[in-house]
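Just below is one structure, and these are the notes that go with it.
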2 protein chains.
Amino acid sequence: MATIKEVAKKANVSVSVVSKSFNNYKDVKEETRQRIFAVAKELDYSPNINAKNLSSKKRMTIGLISSGVLNDNVKDSNAFDIFKGVYRAVADSRFDLSINLIDSKRQTQQSYVQYCRERNIGGAILQGIRTDDQYYKELIDTSLPCVVLDIMNESDNGMIGSVSIDNAKAAREIAGYLLQRNHRDIVVIAGTPETYVNKERIKGVEEALQSCGLELEGLTVLEADFSEEQAYLLAKKYLQEQQPTAFLCFSDLMAIGVMKAVKEAGLKIPEDISVTGFDDLVFCSYTEPALTTIRQDFIEIGKNAAQLLQAIKENNAVKQHIWIEHQLMERDSVKTLAN
Amino acid sequence: MATIKEVAKKANVSVSVVSKSFNNYKDVKEETRQRIFAVAKELDYSPNINAKNLSSKKRMTIGLISSGVLNDNVKDSNAFDIFKGVYRAVADSRFDLSINLIDSKRQTQQSYVQYCRERNIGGAILQGIRTDDQYYKELIDTSLPCVVLDIMNESDNGMIGSVSIDNAKAAREIAGYLLQRNHRDIVVIAGTPETYVNKERIKGVEEALQSCGLELEGLTVLEADFSEEQAYLLAKKYLQEQQPTAFLCFSDLMAIGVMKAVKEAGLKIPEDISVTGFDDLVFCSYTEPALTTIRQDFIEIGKNAAQLLQAIKENNAVKQHIWIEHQLMERDSVKTLAN
DNA sequence: CTGTTAGCGCCTTCAC
DNA sequence: GTGAAGGCGCTAACAG
């Protein structure tokens with residue numbers, strides 16, 4: 001592998017000129033630059049990233065800290081879509097960024113901050129991380145630029161941004177959708193209560209109820225920790241005693257679990273019971289019946305996260321939080337009830 | 001961020017001792033080592049990876065070159081599963097590897113080799129790459145350790161390994177499954193003919209036919225380029241003229257396309273026509289009817305690829321090709337015909 | 001515009 | 001066992 005030195009030598013210039021040429025400095029004569037490029041090509045030279053990172057203090061690597069890399073739920077590929085979005089944004093930018101995926105479960109020996117510093121990672125995107133994560137707080141307090149997904153950051157640290165859909169609004173919409181179709185006996189299959197996303201969605205559902213003049217007391221909320229299995233078990237148990245007209249689930253995975261329980265109880269969807277999801281994972285259009293749900297555009301989320309991160313790093317972030325549009329996907333799992 | 005110097009100073013030793021301590025050299029007194037570690041912890045020190053890579057010529061980063069990062073097919077998450085497998089294998093190893101994802105479509109300006117050299121990438125795993133890829137050949141000729149997926153490498157370069165299921169065998173199995181159920185008018189929806197995977201699967205189907213004493217001439221093969229849309233169009237057109245008893249598809253995505261065409265033709269699956277897939281993507285169990293297919297364990301594939309790559313790098317690879325077990329997933333899309 | 005030079009943080013002989 | 005010193009390849013002042 002040719003080094004900058006060899007290029008310089010062969011082109012009869014000093015290394016600094018070569019360096020400048022490659023870094024688009026303008027104080028290099030065009031002619032010289034061309035000559036250098038020619039030689040570089042001939043020698044098959046390309047700058048060594050390690051050396052580059054070492055000497056220039058610029059940090060151009062971004063880390064993607066995610067809980068979705070090692071989890072066993074093959075159905076959950078949000079992390080990958082987010083990844084795709086980040087990748088695209090980065091590929092389209094003028095930066096030469098590389099992406100480091102870190103699994104939150106694996107990363108227990110060492111704090112994220114430490115990991116990032118070691119690797120000269122200049123900014124991180126956090127996905128599927130909980131605010132009570134042992135290292136989350138540490139990261140937030142650092143001056144490392146971060147973008148968190150599905151978390152609303154409350155600190156006044158200017159280096160922290162966030163991206164998410166408007167969960168309250170989305171929940172309001174899907175609850176409203178059910179209410180409009182005359183569902184009054186709705187059971188909410190919620191996720192993990194401490195979670196920002198969960199709180200927002202609960203809020204949205206409540207708002208929808210209120211705007212229909214309904215009492216909140218009547219609302220049954222079952223907490224299934226965003227787990228398919230948990231949702232299945234809870235729904236199964238619930239169905240032994242009561243039969244609501246609809247299950248409003250805070251994730252598609254949980255909706256799948258619920259559907260299984262409903263079917264096992266000998267009930268039909270949507271004839272006997274309606275079910276809705278949240279996320280719009282790929283398989284939602286293939287379930288029987290196809291699941292009505294809220295679509296989150298994870299690719300878009302990832303893309304925006306990467307762009308926001310760059311903006312933060314360059315100190316020109318306009319908004320600290322970016323809302324991504326969601327979409328109600330109307331399919332076949334909800335029945336309109338007689339008034 | 002503390003540097004090795006500061007640690008050395010505070011521990012009253014020279015930097016080299018610190019370096020050695022961290023790199024498990026044995027010529028450091030245990031007592032000193034402990035003292036150094038204590039100081040390091042106190043100073044929150046951890047070695048800088050860039051500097052490390054720069055000075056030691058060891059290459060511990062592996063690259064994952066994939067066609068699946070930027071493609072728009074959200075249904076196709078094989079790449080992610082492979083990625084997961086690689087990640088796990090790497091996380092379990094004693095190496096500190098980081099993963100670089102490279103999209104083959106994006107990577108047009110620069111050869112893989114060059115990309116890897118720049119980043120000090122010591123080995124690469126190629127996924128979804130075609131042997132006629134402009135940079136593939138170059139890579140194979142290099143001394144960069146590589147593991148290719150779904151390609152059978154013919155060169156005698158000892159640095160190249162490969163991992164895949166036994167495609168011929170799998171195809172034989174699923175074709176046999178159909179034949180056993182008395183299907184005789186089978187249309188194969190194949191992928192891209194130049195592809196290793198495709199050739200093997202064709203071979204497998206032919207072998208199955210032969211072992212039943214059937215003529216190969218009767219076999220209809222439609223090439224749909226592994227595309228859902230193409231498969232849909234071809235099946236649609238074919239159904240206007242003829243009606244086979246079964247479509248044997250070389251990918252689930254194509255099977256989905258075929259199923260759509262069949263349904264649109266007013267035919268029922270599996271009553272009128274049976275359909276089989278290949279891959280077992282997540283949504284296969286949710287289709288209506290659930291798709292009978294060949295399951296590829298992509299996570300396992302990724303894991304083995306990473307392990308093989310390490311073995312190659314350490315010069316102790318036993319086999320150059322690793323076969324991963326596949327599995328016939330029997331679901332509801334095939335009907336047993338009357339004899 | 002171009003060259004010189006001092007690091008960046010760490011590893012690795014080679015002396016002591 | 002430990003320390004000194006020379007690089008790894010590149011960037012960024014600072015001179016010229």
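Note on naming: letters A, B, ... go to the chains in the order of the sequence lines (proteins, then strands), and numbering restarts at 1 for each one. As a basis for the values below, the full set of heavy atoms in this structure was taken, side chains included, without hydrogen atoms, waters or symmetry mates.
Comparing D:dG1, D:dG3, C:dT12 by their nearest atom to the side chain of B:Lys29 picks out D:dG1. In the set C:dG7, C:dT2, C:dG9, the nucleotide with an atom closest to the side chain of A:Ser55 is C:dG7. Picking from D:dC10, C:dC11, D:dT11 the nucleotide with the shortest atom distance to the side chain of A:Ser19 gives D:dT11. Of the candidate nucleotides C:dG3, D:dG9, C:dT12, C:dT12 has the atom nearest to the side chain of B:Lys20. Listed nucleotides: D:dT2, D:dC8, C:dG3. Nearest to the side chain of B:Leu54: D:dC8.
At whole-Å resolution of the value, OH in A:Tyr25 and C1' in D:dA12 are 6 Å apart. For the pair A:Asn48 CG and D:dT11 C1', the interatomic distance rounds to 13 Å; values are reported in whole Å. When rounded to the nearest whole Å, the span between CG of A:Asn53 and P of C:dG9 equals 12 Å. Atoms NZ (A:Lys9) and P (D:dG9) sit 14 Å apart, rounded to a whole Å. When rounded to the nearest whole Å, the span between CD of B:Glu118 and C1' of D:dC10 equals 13 Å. Spacing between atom CG of A:Asn50 and atom P of D:dT11 amounts to 12 Å, rounded to whole angstrom units. One atom, CG of A:Asp27, and another, P of D:dA15, lie 16 Å apart when rounded to the nearest Å. The distance between atom CG of A:Asn24 and atom C1' of D:dA12, rounded to the nearest whole Å, is 16 Å.
As judged by a 4.0 angstrom heavy-atom cut-off over every strand, B:Val13 is placed among residues touching the sugar-phosphate backbone only. In this structure, B:Thr3 reaches the sugar-phosphate backbone alone: every heavy-atom distance under 4.0 Å involves primed, P, OP1 or OP2 atoms, never a base. Using a 4.0 Å heavy-atom criterion, one finds that B:Asn23 contacts the sugar-phosphate atoms exclusively.
Side-chain contact check for A:Asp150 versus A:Ile301: every heavy-atom pair is 4.5 Å or farther apart.
Judged by closest nucleotide on DNA chain C, A:Thr32 is the one of A:Thr32 and B:Ile4 placed further toward the 5' end.
Judged by distance alone, with hydrogens and angles left aside, the side-chain atoms of B:Asp133 form no donor-acceptor pair with the main-chain N or O of B:Ile129 at under 3.5 Å.
Paired with B:Tyr115 under the rule side-chain contact (heavy atoms from CB on, under 4.5 Å), one option of B:Glu118, B:Arg119, B:Arg117 passes, and it is B:Arg119.
OP1 or OP2 of D:dG3 sits under 4.0 Å from a side-chain N or O of B:Ser14.
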> Between B:Arg33 and B:Glu30, is a salt bridge (charged side-chain N to carboxylate O under 4.0 Å, His left out) present by the stated rule, with each step listed?
Replying inline: CA-CA 5 Å; B:Arg33 181 197 303 279; B:Glu30 188 54 29; 3.4 Å; yes
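For B:Lys26 and D:dG1, a side-chain-to-base donor-acceptor distance below 3.5 Å is absent, hydrogens and geometry of angles not being considered. Applying the 3.5 Å distance criterion, the base of C:dT4 shares a donor-acceptor pair with the side chain of A:Ser16.
Ring orientation note: the planes of B:Phe83 and A:Phe83 are tilted relative to one another, at an angle of 30° to 60°.
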